[in-house]
Amino acid sequence: GGVNAHFNLGVLLHTVRQDYDGAEFHFRRAIELGNVNAHYRLAYLFYSTNRNLDEAVQPARKFIKLNPSDPDGPNLLKDILTKLVAQRRS
């Protein structure tokens, strides 16, 4: 399927169906096909569900590298790192 189909299906599975494994699969497929925003959504999936939080850092950084003018990337990365530090302290 097309890059946008994978991205949109990932968003639907994450936000509506709460099918996080399915969402991860489709975001990763969209990334393979060149969708820049899928890096952000994959990082946000990990952050918002507390799944693979360590893995959220890399796609957030990749999104920032590919889309440096978007303030959402640095904000999400800051939130991910803050949550990681808090988890390690507890």
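The first residue in the sequence is number 1, and the count goes up from there. Keep in mind the model is a prediction, meaning the values are calculated, not measured.
- Applying the ring-ring contact (aromatic ring centres under 6.0 Å, His included) rule to pairs touching residues 64-90 yields nothing, sequence neighbours excluded.
- Here CZ of R61 is found 9.5 Å from CD of Q58. Values are rounded to the nearest 0.5 Å.
- Grouping Ile, Leu, Val, Met, Phe, Trp and Tyr by side-chain contacts under 4.5 Å, direct or through others, leaves F25 on its own.
- For the side-chain contact (heavy atoms from CB on, under 4.5 Å) test, residues two or more places apart in sequence or in another chain that qualify with I80 are A43, Y47, L53, A56, V57, A60, L76, L84.
- Applying the side-chain contact (heavy atoms from CB on, under 4.5 Å) criterion to N4, with sequence neighbours excluded, gives N8, N35.
- When all heavy atoms of L33 and G2 are compared, the pair lying nearest together is CD1-C, 4.3 Å.
- Nearest heavy atoms, F46 versus N52: CE2-ND2, 3.4 Å.
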* To do: Given side chain to side chain contact (heavy atoms under 4.5 Å, CB included), test N67 with N37 step by step and report yes or no.
  => CA-CA 9 Å; N67 201 359; N37 290 323; 4.3 Å; yes
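- A salt bridge (charged side-chain N to carboxylate O under 4.0 Å, His left out) check over residues 10-20, counting only residues at least two apart or in different chains, returns nothing.
- Judged as a ring-ring contact (aromatic ring centres under 6.0 Å, His included), the pairs with a partner in residues 61-90 (not counting sequence neighbours) are, in order, Y40-F63.
- Here R28 pairs with E24, E55 under the salt bridge (Lys or Arg N to Asp or Glu O under 4.0 Å) rule; sequence neighbours left out.
- Partners of S48 by side chain to side chain donor-acceptor pair (under 3.5 Å), not counting sequence neighbours, listed by chain and number: H14.
- Screening residues 69-90 for ring-ring contact (aromatic ring centres under 6.0 Å, His included) gives no qualifying pairs among residues at least two apart or on separate chains.
- Applying the side chain to side chain donor-acceptor pair (under 3.5 Å) test to residues at least two apart or on different chains, the pairs with a partner in residues 74-90 are N50-K83, D54-R88.
- Remark: T15 pairs with V11, R41 by the side-chain contact (heavy atoms from CB on, under 4.5 Å) rule, at least two apart or across chains.
- Interatomic distance, Q18 CD to T49 OG1, rounded to the nearest 0.5 Å: 11.0 Å.
- Closest non-hydrogen pair, F7 versus A30, comes out as N-CB, 3.9 Å.
- Through ILVMFWY side-chain contacts below 4.5 Å, V85 is grouped with nothing and stands alone.
- Note on V36 and F27: separate hydrophobic clusters, where clusters join Ile, Leu, Val, Met, Phe, Trp and Tyr whose side-chain heavy atoms are under 4.5 Å apart, directly or indirectly.
- When the side chains of ILVMFWY residues are joined at heavy-atom separations under 4.5 Å, either directly or via intervening members, L66 and L42 end up in two distinct hydrophobic clusters.
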